[in-house]
Amino acid sequence: MPPKKKAQVVKKTAKSEKGDDGETAPSGGKRKTAASVDRGGNKQKIPSSSADSSLHCHWLMKSEPESRFENGIDVKFGIEDLKKLPDQTGCWDGVRNYQARNFMRQMKEGQLAFFYHSNCKEPGIAGLMKIVKESYVDHTQFDRKDVHYDASSKPENPKWSMVDVQYQRTMKRYIPLSELKKYHLQHRDKGGPLKDMALFTRARLSVQPLTTEEFDFVLSLEDKEPL
DNA sequence: GCCAACGTTGGC
DNA sequence: GCCAACGTTGGC
């Protein structure tokens, strides 16, 4: 299941303290990031427009558009639910996977993300949203009542982050996973933009990056006949 | 509802 | 630090 997004609209008042980029995923290997300290002329942020060259600029985020109850709570949150929120904006809370979290921490305001419908009759890309607030502490990790409460996370050192996203538009036509998969297989054999798409190579990642080529190709499908 | 893939946990 | 057991994701 995708992260469940609550319908909370985050009040845009105070700038929340940004959770410092604490740990790196304990996953795979224990790579210690050479975090912060750069000896010598430590230039925090390179002012040049886009800081890290390694950063991605397009994303795909999964959520379940159909009702499903987890601990008695409905985790349904489809693109229509986002659209209904005040300002058509909501926080993408509930992500409890380090890689997905780390990708969210890389997100920059203004970047676009596909809203992907997962675990439903017809999975696929439903629309587009924009990152309107960069990562900050996901408060649901401390909420015992929340489906994604994490008893191991302490307020002094929060584990999980979220971003705010704003509805942009619904796709001109729904782009089903099955269609994307056909292109993916085709491109894998003969080459093409979707040959390495994370949706297929990292199937369980709920927040994933897309290259510009992947992103543009998917967008171009809107104006094509379904494959 | 099944189950493959894969992430996480914990014993050693 | 390895790895088996376990839990979760998410397509089908």
Side-chain angles (χ1 to χ4, degrees), chain A residues 1-6 19 21-34 59-82 92-106 113-127 129 135 138 140-154 157-163 165 171 173-188 194-210 214 218 221 226-227:
Chain A
M1 334 345 337
K4 71 123 213 294
K5 258 110 301 54
K6 262 325 197 0
D21 263 309
E23 344 83 21
T24 325
S27 43
K30 247 151 218 203
R31 51 274 189 32
K32 234 299 180 174
T33 0
W59 310 95
L60 179 147
M61 302 168 86
K62 302 179 181 177
S63 186
E64 303 182 46
E66 295 173 3
S67 280
R68 189 176 61 78
F69 292 84
E70 211 173 305
N71 306 335
I73 298 165
D74 194 354
V75 296
K76 167 185 187 295
F77 189 83
I79 194 166
E80 289 307 315
D81 299 301
L82 175 61
W92 206 265
D93 62 10
V95 171
R96 297 293 182 267
N97 168 280
Y98 289 106
Q99 296 188 68
R101 180 203 69 178
N102 291 344
F103 281 130
M104 282 203 297
R105 288 181 175 181
Q106 290 179 29
F114 285 124
F115 194 125
Y116 178 87
H117 280 173
S118 68
N119 206 16
C120 56
K121 209 49 101 26
E122 183 164 51
I125 293 175
M129 52 194 174
S135 77
D138 177 348
T140 66
Q141 66 197 299
F142 307 123
D143 179 359
R144 294 180 174 281
K145 299 285 156 311
D146 195 275
V147 189
H148 296 108
Y149 170 65
D150 181 354
S152 73
S153 182
K154 300 297 167 214
N157 188 20
K159 281 188 181 173
W160 308 110
S161 302
M162 63 186 181
V163 295
V165 294
M171 301 302 275
R173 69 176 180 87
Y174 188 77
I175 312 290
L177 174 66
S178 58
E179 180 174 345
L180 292 169
K181 188 161 196 173
K182 286 176 195 165
Y183 282 111
H184 167 65
L185 294 174
Q186 196 172 293
H187 292 180
R188 226 145 122 282
L194 300 196
K195 67 172 158 33
D196 296 319
M197 194 182 190
L199 196 51
F200 304 103
T201 60
R202 314 282 334 277
R204 296 179 48 193
L205 242 200
S206 68
V207 175
Q208 43 184 262
L210 279 82
E214 289 165 343
V218 172
L221 295 179
L227 187 65

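For A:Arg173, the salt bridge (Lys or Arg N to Asp or Glu O under 4.0 Å) criterion is met by A:Glu179, not counting sequence neighbours. Under the ring pair (Phe, Tyr, Trp, His ring centres under 6.0 Å) criterion, A:Tyr116 pairs with no residue at all, not counting sequence neighbours. Applying the side-chain hydrogen bond (donor to acceptor under 3.5 Å, both in side chains) rule to A:Ser67 yields the partners A:Asp74; only residues at least two apart in sequence or on another chain are considered. The side-chain hydrogen bond (donor to acceptor under 3.5 Å, both in side chains) test applied to A:Asp196 returns no partner, not counting sequence neighbours.
Checking C:dC12, B:dT8, B:dC6 against the side-chain heavy atoms of A:Leu177 singles out C:dC12 as nearest. Closest contact between the side chain of A:Tyr116 and the listed nucleotides C:dG11, B:dA5, C:dG10 involves C:dG11.
Taking five base pairs at each end of the helix from B:dG1-C:dC12 to B:dC12-C:dG1, the local helix axes there meet at an angle of 10°, rounded to 10°.
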Under 3.5 Å, N/O pairs linking protein and nucleotides 1-3 of chain C:
none

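Going from atom CG of A:Asn97 over to atom P of C:dG10 covers 9 Å, rounded to whole Å. Rounded to a whole Å, the CG atom of A:Leu205 is 9 Å from the P atom of C:dG10. Computed from coordinates, the A:Lys181 NZ to C:dG11 P distance equals 10 Å when rounded to whole Å. Following rounding to the nearest Å, A:Arg202 (CZ) and C:dT8 (P) show an atom-to-atom distance of 19 Å.
Classification of A:Arg68 and A:Glu66 as a salt-bridged pair fails, no side-chain N sitting under 4.0 Å from a carboxylate O.
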